[in-house]
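As structure tokens, the structure follows; a few thoughts come after it.
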2 protein chains.
Amino acid sequence: MPNNQFKKSELYSFITGVASTAIARRLQKKFNQADLNLTIEQWSVLYHLWKEDGISQQDLCKATFRDKPSMTRLVDNLEKAGMVKRIPSKADRRKNMIYLTEQAKEMQDPCYGFAEETVEEALSGVSDDKIEVCKEVLKIVYENLR
Amino acid sequence: MPNNQFKKSELYSFITGVASTAIARRLQKKFNQADLNLTIEQWSVLYHLWKEDGISQQDLCKATFRDKPSMTRLVDNLEKAGMVKRIPSKADRRKNMIYLTEQAKEMQDPCYGFAEETVEEALSGVSDDKIEVCKEVLKIVYENLR
DNA sequence: TTTGGTTAGTTGTTAAAACAACTATATGCC
DNA sequence: GGCATATAGTTGTTTTAACAACTAACCAAA
């Protein structure tokens, strides 16, 4: 029997995600101060499109861990803001392929910088070893619950 | 100069909180299956009231890391659902002290159980040592950004 | 080729999040 | 005491989240 030094249900912050909320808010503020006019949720979509442009809404759902209705509306708003375009797939007419506009492509570098900055601030005083452990655990949690 | 093995901005999951989102959804499902009629956000308020009953909305804001308007509406809904009562403070007439109803007190044990279960599932295969590191890092992040 | 099941995306609804602007009360300084 | 400032809470508004229910298109098997 394992010797638990703590009650697991005491992991309130894990469930409520106060740390990730704090990081997201900080990043949002940086976006606002730079007049980027971009929400964190929109950024999380662009983040994946910057890595691979022209993927379907469903692909974006998997990548961002959001459901289909949420993605429909996120893409709606990104399209309204002129950051992406829906192009119907020729191979599969059910699909919309989502493409970045020039405007959105230009946002990649500044956004990347703000994200870097934010994570640096959040993790100041934390050793790289511990960050690696966290990344590992977060990944396992994600796999366990998927 | 530290030798970083990774780009910190690659910590996408940290910012977007996919792990905590996954845990929260799992817990929400358990609440729904048990017909508890309770959102995770409401649970996060009750969680603190179960530890200390009769605290102000402002105290709950600090504890749950939410802003005042959010708390007003959370308490509105909890009150409508018959789980808490607002009692004006006699010492400071600006304050509402929030008290649990009997109904909400009875929900503590089952909720605690579901939270325990969820965290067990989320962290299965993760050693206690690593969980401790995560708790530590999440706490530092929270402190760094507050 | 038709039928049944699956997948991609949209729409409707309710709760919540974030921000600004507001009221009311309390407190501290002159 | 009176005034400036801070604190507690509410209201209004826009965006997002999650779920269910829906349409349209694809696919595979009879």
Side-chain angles (χ1 to χ4, degrees), chain A residues 16-18 20-33 37-45 55-81 83-84 86-98, chain B residues 16-18 20-33 35-46 54-81 83-84 86-98:
Chain A
T16 55
V18 285
S20 54
T21 304
I23 297 179
R25 279 188 202 160
R26 177 67 62 100
L27 181 56
Q28 180 72 67
K29 264 187 197 156
K30 289 182 196 288
F31 287 167
N32 293 345
Q33 277 159 10
N37 232 33
L38 191 67
T39 67
I40 295 301
E41 294 75 20
Q42 293 172 340
W43 165 81
S44 78
V45 173
I55 59 181
S56 71
Q57 289 186 204
Q58 187 59 49
D59 293 336
L60 287 169
C61 286
K62 278 181 203 145
T64 60
F65 201 54
R66 291 195 171 78
D67 69 357
K68 292 186 294 173
S70 300
M71 191 51 63
T72 293
R73 273 129 187 172
L74 272 170
V75 174
D76 282 351
N77 288 333
L78 283 168
E79 201 168 29
K80 267 186 224 157
M83 291 190 266
V84 304
R86 281 181 169 98
I87 312 276
S89 163
K90 284 174 187 169
D92 185 339
R93 285 189 302 158
R94 292 170 305 178
K95 287 189 182 177
N96 292 330
M97 309 308 275
I98 311 299
Chain B
T16 56
V18 284
S20 55
T21 304
I23 298 179
R25 278 187 203 160
R26 177 68 61 100
L27 181 56
Q28 180 71 69
K29 265 185 197 157
K30 289 180 196 289
F31 286 168
N32 293 346
Q33 277 159 10
D35 279 322
L36 274 174
N37 231 33
L38 190 67
T39 67
I40 295 300
E41 293 75 18
Q42 292 171 343
W43 165 81
S44 78
V45 173
L46 296 183
I55 60 181
S56 72
Q57 291 187 202
Q58 187 59 49
D59 293 336
L60 286 170
C61 287
K62 278 181 204 146
T64 60
F65 201 53
R66 290 192 172 82
D67 69 358
K68 293 187 294 173
S70 299
M71 192 51 62
T72 294
R73 274 130 185 172
L74 273 171
V75 173
D76 283 351
N77 287 333
L78 283 168
E79 201 168 29
K80 268 185 225 159
M83 291 190 266
V84 304
R86 282 182 168 98
I87 311 277
S89 163
K90 284 173 186 168
D92 185 338
R93 284 190 304 160
R94 292 170 306 178
K95 287 189 183 176
N96 292 330
M97 309 309 274
I98 311 300

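In what follows, chains carry the letters A, B, and so on, assigned in the order in which the sequence lines appear, proteins first and then strands, with residues in each chain numbered from 1.
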Checklist entry - Just by distance, with hydrogens left out, do B/Asp67 and B/Ser70 show a side-chain donor and acceptor under 3.5 Å apart? => result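 Yes, side-chain donor-acceptor contact under 3.5 Å.
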
Please confirm whether the shortest side-chain N or O distance from [X] to OP1 or OP2 of [N] is below 4.0 Å.
{"X": "A/Gln42", "N": "D/dT16", "result": "yes"}
{"X": "A/Arg86", "N": "C/dA8", "result": "no"}
{"X": "B/Gln57", "N": "D/dG9", "result": "no"}

Remember a base hit wins even if backbone is also touched, and classify [X] as base, sugar-phosphate or nothing at under 4.0 Å, heavy atoms.
{"X": "B/Lys68", "answer": "base"}
{"X": "A/Asn96", "answer": "sugar-phosphate"}
{"X": "B/Arg25", "answer": "sugar-phosphate"}
{"X": "A/Arg73", "answer": "base"}
{"X": "B/Asp92", "answer": "sugar-phosphate"}

Nucleotide of [options] approaching [X] most closely (side-chain heavy atoms):
{"X": "A/Pro69", "options": "D/dT16, D/dA20, C/dA8", "value": "D/dA20"}
{"X": "B/Thr72", "options": "D/dG9, D/dA6, D/dT16", "value": "D/dG9"}
{"X": "B/Asn77", "options": "D/dT16, C/dA16, C/dG9", "value": "C/dA16"}
{"X": "A/Thr39", "options": "D/dT16, D/dA25, C/dG9", "value": "D/dT16"}
{"X": "B/Arg94", "options": "D/dA18, C/dA18, C/dA24", "value": "C/dA24"}

Quiz item: Which comes earlier along DNA chain C counting from the 5' end, the contact point of A/Thr21 or that of B/Lys90, where each point is its nearest nucleotide?
Solution: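 Residue closer to the 5' terminus by nearest nucleotide: A/Thr21.
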
### Query
Within this structure, what is the CD-to-P distance between A/Gln28 and C/dA18, rounded to whole angstrom?
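Roughly 9 Å, once rounded to whole Å.
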
*Find the distance B/Arg66:CZ to D/dA8:C1' and express it as a whole number of Å.*
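So the CZ-C1' distance, B/Arg66 to D/dA8, works out to 19 Å.
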
Report yes if some heavy atom in the side chain of A/Val45 is under 4.5 Å from a heavy atom in the side chain of A/Gln42; otherwise report no.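 They are not in contact (no side-chain heavy atoms under 4.5 Å apart), so the answer is no.
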
Qualifying residue for side chain to side chain contact (heavy atoms under 4.5 Å, CB included) with A/Lys68, from A/Gln58, A/Arg73, A/Gln57 |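 That would be A/Gln58.
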
